[in-house]
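Next up is a structure, given as C-alpha cells.
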There are 2 protein chains.
Amino acid sequence: MNESEAATPRQRYRAQVREEVKKHAWQQIATAGASALSLNAIAKQMGMSGPALYRYFANRDELITELIRDAYRSLSETFRARAAAGADLGDLARTLRTWALADPQRYLLLYGTPVPGYQAPEDTARTADEVMSVILDACGADGLPALPQSPLQAHLADHQAWTGQHPAGAPALQRALTFWTRLHGVLSLELAGQFTGMGFDPAQLYAAEAQAIAGR
Amino acid sequence: MNESEAATPRQRYRAQVREEVKKHAWQQIATAGASALSLNAIAKQMGMSGPALYRYFANRDELITELIRDAYRSLSETFRARAAAGADLGDLARTLRTWALADPQRYLLLYGTPVPGYQAPEDTARTADEVMSVILDACGADGLPALPQSPLQAHLADHQAWTGQHPAGAPALQRALTFWTRLHGVLSLELAGQFTGMGFDPAQLYAAEAQAIAGR
DNA sequence: TTGCTTGCGTTAGAAGTTATAACACCTAGC
DNA sequence: GCTAGGTGTTATAACTTCTAACGCAAGCAA
C-alpha cells in the first residue's frame, strides 16, 4: 500500500511491476516449489526479456526474500486480526491450519527446509515475533488444559531472549513453544504429503493436538 | 553390501564408483542443501567429465532418490538395532534426535519440504514402514503416560491403512502418530534454524516432548 | 518549450547447469 | 586372440542466473 500510492508515476509503475512479478512467482512456487522458481520464465510470462527483471529485483534471492517477507506479513496480519476479534488459542490453531492449507508452499517457504546458511533479514524476524506475541497473549488465558510439569519450565524462565518484553509466565512460555512445535509437526508432515496413503484424516490429528494444548 | 560383492569385476567397479558419487553428493548436500546438488560438480571433484556420471545415474532425480533410499535404510537400521537392544519409546526418541543431528540435511531430505508432485518409489515407503513398525511396537508397552482421550482414537481405529498387520490398539496408534509429529515438530524447526537467537536450548524442549509421550 | 537526467528494456555474452549423441578405447569373457 | 559391452571422452542443445553496453522515452526542470 505504502508503495503503490507513492508520489511519482515512475515509483507507482515500479511498484506495480514488482507486484506482478511476485504474483507470477507465487504461481510458479505453488506448482513447482521454490527451488524451481525461474526469473527468466517469469519475465517471459510477463512478455519481457529475462534481464529486464533485474531492474526490479537484484537477484533471485532478493525476490524470494521479498516473498518470505510478504508471507510473514500475511500470517501476522491474519493472526492479529483474529486476535483482535477475540480469538482464543484454539481459534488461532484453526486459523494457522486454514492459512497454511490456503497455500501450502507459502507455509513451507516460511517453515520448511531452508538453504543452509540462509540468513533471514532483520525485519522478517520482527514480523515473526509479532506472530509469537499473539500466541503468547493467548497462552496467558485462564482455563487452558494443564501441561505436564517439567524441568523445561525452569529452563525457559531463565532463557527468555525470544519473549522480548512480553510478561508471560513460565507455563505460558512452554505452552506457546509447544503450540508452535506440535502444530507445525502435524502441519508440515501433512503438507509434505507424508500422510498420504495412510488412510486417516490429518484434520482430526491436528484437532486432537490443538485440543491438547488449547482445550475445547 | 549386496552390490559391492557382486560377481564380475565390472559390477564391482560400478558399485564402487556409485558409492563414491553418493559420498560426494552427501558432502554437497550437507553444505549447500539438496537443491544445490550438481552432478557436474561431483564429476569434476572425482576427476572426470560431466556426462560420465550419467553412466552411473540416469539423471539428478535418480541420484537423489538413491540418497533418500539410503537415508531411510540408515534410519530403519538404526531404529531396529536399538529396538533389538531393548530400547523403549524414550530411547527411540533420543535415537531419532541423535540420528538427525548427525546429518541435518539427511533428515531434512526425508522429512523436509519435498518438490510438489514428487512421488517416492515403492520400496522407500516400505522402509519407512519398518521405522513406524518399530515405533508401534514400543507404543504397545505398559506404563506409558496417559494421552488425553479424544475422538481421534475412534477415528484411527477405523482408518488403519498405515498399520499393516500390526496388532496395535487405538491408544498405541495415537501415541505412535503423536510421537512422530511432535518430535518432528521440534526437530525440524531446530534443524531449520528457527530457534537460533531465541536463547533456550532445543534439547530441553525436545526432552520435554519426548517425556510427555514416552515417559521417563 | 527545450533540454537533460534518470530509469527501463533491449541484445549480447559469460559462466554455470542438465542431459543427449556420437565417438574412442579398454577390458572382460568367450 | 577376438569381439562385444561397458566406460569415458568431446560436442552440442537448451536451459539457468546475472553483467555489460546500448538506445529510447518519460518525467522534471529551467
Side-chain angles (χ1 to χ4, degrees), chain A residues 3-29 31-68 109 115-118, chain B residues 3-29 31-68 109 115-118:
Chain A
E3 250 178 347
S4 50
E5 59 193 39
T8 80
R10 278 205 164 142
Q11 283 176 322
R12 228 176 328 150
Y13 177 71
R14 182 179 177 78
Q16 204 173 322
V17 174
R18 278 175 67 101
E19 281 309 309
E20 199 181 343
V21 171
K22 290 196 273 183
K23 196 188 72 190
H24 285 99
W26 280 121
Q27 285 175 3
Q28 277 200 17
I29 286 180
T31 63
S35 63
L37 186 142
S38 156
L39 293 197
N40 230 318
I42 293 175
K44 270 197 282 188
Q45 277 179 9
M46 292 178 62
M48 55 183 180
S49 256
L53 272 200
Y54 288 80
R55 298 286 177 196
Y56 299 95
F57 296 91
N59 50 45
R60 216 184 88 115
D61 268 22
E62 193 181 291
L63 171 56
I64 292 182
T65 297
E66 191 63 29
L67 297 178
I68 291 175
L109 193 61
V115 174
Y118 174 81
Chain B
E3 250 177 350
S4 50
E5 58 192 39
T8 80
R10 279 205 163 140
Q11 283 177 324
R12 227 173 332 146
Y13 176 71
R14 184 179 176 77
Q16 205 172 321
V17 174
R18 277 176 67 101
E19 281 310 309
E20 198 182 343
V21 171
K22 289 197 274 182
K23 196 188 74 190
H24 285 99
W26 280 120
Q27 284 175 3
Q28 277 199 18
I29 286 180
T31 63
S35 61
L37 185 142
S38 156
L39 292 197
N40 231 319
I42 292 174
K44 268 197 283 188
Q45 278 180 11
M46 293 178 62
M48 55 183 178
S49 255
L53 272 200
Y54 289 81
R55 298 284 178 198
Y56 298 95
F57 296 92
N59 51 44
R60 216 184 88 114
D61 269 21
E62 192 180 293
L63 171 56
I64 292 183
T65 297
E66 192 61 30
L67 297 178
I68 291 176
L109 193 61
V115 173
Y118 175 80

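All figures in this text were calculated on a predicted structure; none of them were measured in a lab.
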*What residues form a side chain to side chain contact (heavy atoms under 4.5 Å, CB included) with B:Tyr54, not counting sequence neighbours?*
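Partners of B:Tyr54 under the side chain to side chain contact (heavy atoms under 4.5 Å, CB included) test: B:Leu39.
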*Extract, from 5' to 3' on DNA chain D, the first and final nucleotides lying under 4.0 angstrom from some heavy atom of chain B.*
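First and last nucleotides in contact are D:dG5 to D:dA11.
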*asked:* Whole angstroms only, please: what is the OH-C1' distance between A:Tyr13 and C:dC8?
replied: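 The answer, rounded to whole Å, is 8 Å.
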*asked:* Regarding A:Leu37, tell me which of base, sugar-phosphate or nothing describes its non-hydrogen contacts under 4.0 Å with the strands shown.
replied: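 Sugar-phosphate contact only - A:Leu37 comes under 4.0 Å of backbone atoms but never of a base.
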_Charged N-O contact under 4.0 Å between A:Lys23 and A:Glu20_ =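 No, no charged N to carboxylate O under 4.0 Å.
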*Round to the nearest Å and state the distance from A:Leu53 atom CG to C:dC8 atom C1'.*
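To the nearest whole Å, that distance equals 12 Å.
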*Return no unless some side-chain N or O of B:Asn40 is found under 4.0 Å from OP1 or OP2 of C:dT18.*
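Affirmative; the distance criterion is met.
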*Got a donor-acceptor pair under 3.5 Å from the side chain of B:Arg60 to the base of C:dT17?*
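No pair found.
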*Measure from the side chain of B:Lys44, starting at C-beta and using heavy atoms only, and say which of C:dT18, C:dT17, C:dA21 lies closest.*
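Among C:dT18, C:dT17, C:dA21, the one nearest the side chain of B:Lys44 is C:dT17.
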*Base, sugar-phosphate alone, or nothing: which one does A:Phe57 contact when heavy atoms must sit under 4.0 Å apart?*
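A:Phe57: no heavy atom of the nucleic acid under 4.0 Å.
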*For A:Ala41 and for A:Ala58, find the nucleotide of DNA chain D with the closest heavy atom, then tell me which residue's nucleotide is more 5'.*
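It is A:Ala41 whose nearest nucleotide is closer to the 5' end.
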*Indicate the atoms forming the closest heavy-atom contact of B:Asn40 with B:Gly50, along with that distance.*
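Nearest heavy atoms, B:Asn40 then B:Gly50: OD1-CA, 3.6 Å.
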_Minimum heavy-atom distance A:Ala34-A:Ile29, with the two atoms named_ =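 Closest approach of A:Ala34 to A:Ile29: CA-CG1, 3.9 Å.
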*Is B:Ser38 near enough to C:dG16 that one of its side-chain N or O atoms lies under 4.0 angstrom from OP1 or OP2?*
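So the side chain of B:Ser38 is outside the cut-off, no N or O lying under 4.0 Å from OP1 or OP2 of C:dG16.
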*Rounded off to whole Å, could you give me the CE-to-P distance for the B:Met48 and C:dC25 pair?*
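B:Met48 atom CE is separated from C:dC25 atom P by 20 Å.
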*asked:* Given 3.5 Å as the limit, does a donor-acceptor pair link the side chain of B:Arg14 with the main chain of B:Arg55, or not?
replied: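 Indeed, once roles are kept as given, a pair shorter than 3.5 Å links the two residues.
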_Looking at B:Ser38 and B:Ala41, would you say the former's side chain and the latter's main chain have a donor-acceptor pair under 3.5 Å?_
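Yes; at least one donor-acceptor contact below 3.5 Å.
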*Between atom CZ in B:Arg10 and atom C1' in C:dA28, what is the gap in whole Å?*
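These atoms are roughly 5 Å apart.
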_A:Arg55 CZ - C:dT10 C1' separation (whole Å)_ =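 A:Arg55 atom CZ is separated from C:dT10 atom C1' by 10 Å.
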*Work out which heavy atom in B:Leu63 is nearest to a heavy atom in B:Ala25; give both atom names and the distance.*
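Minimum heavy-atom contact is CD2-CB, 4.2 Å.
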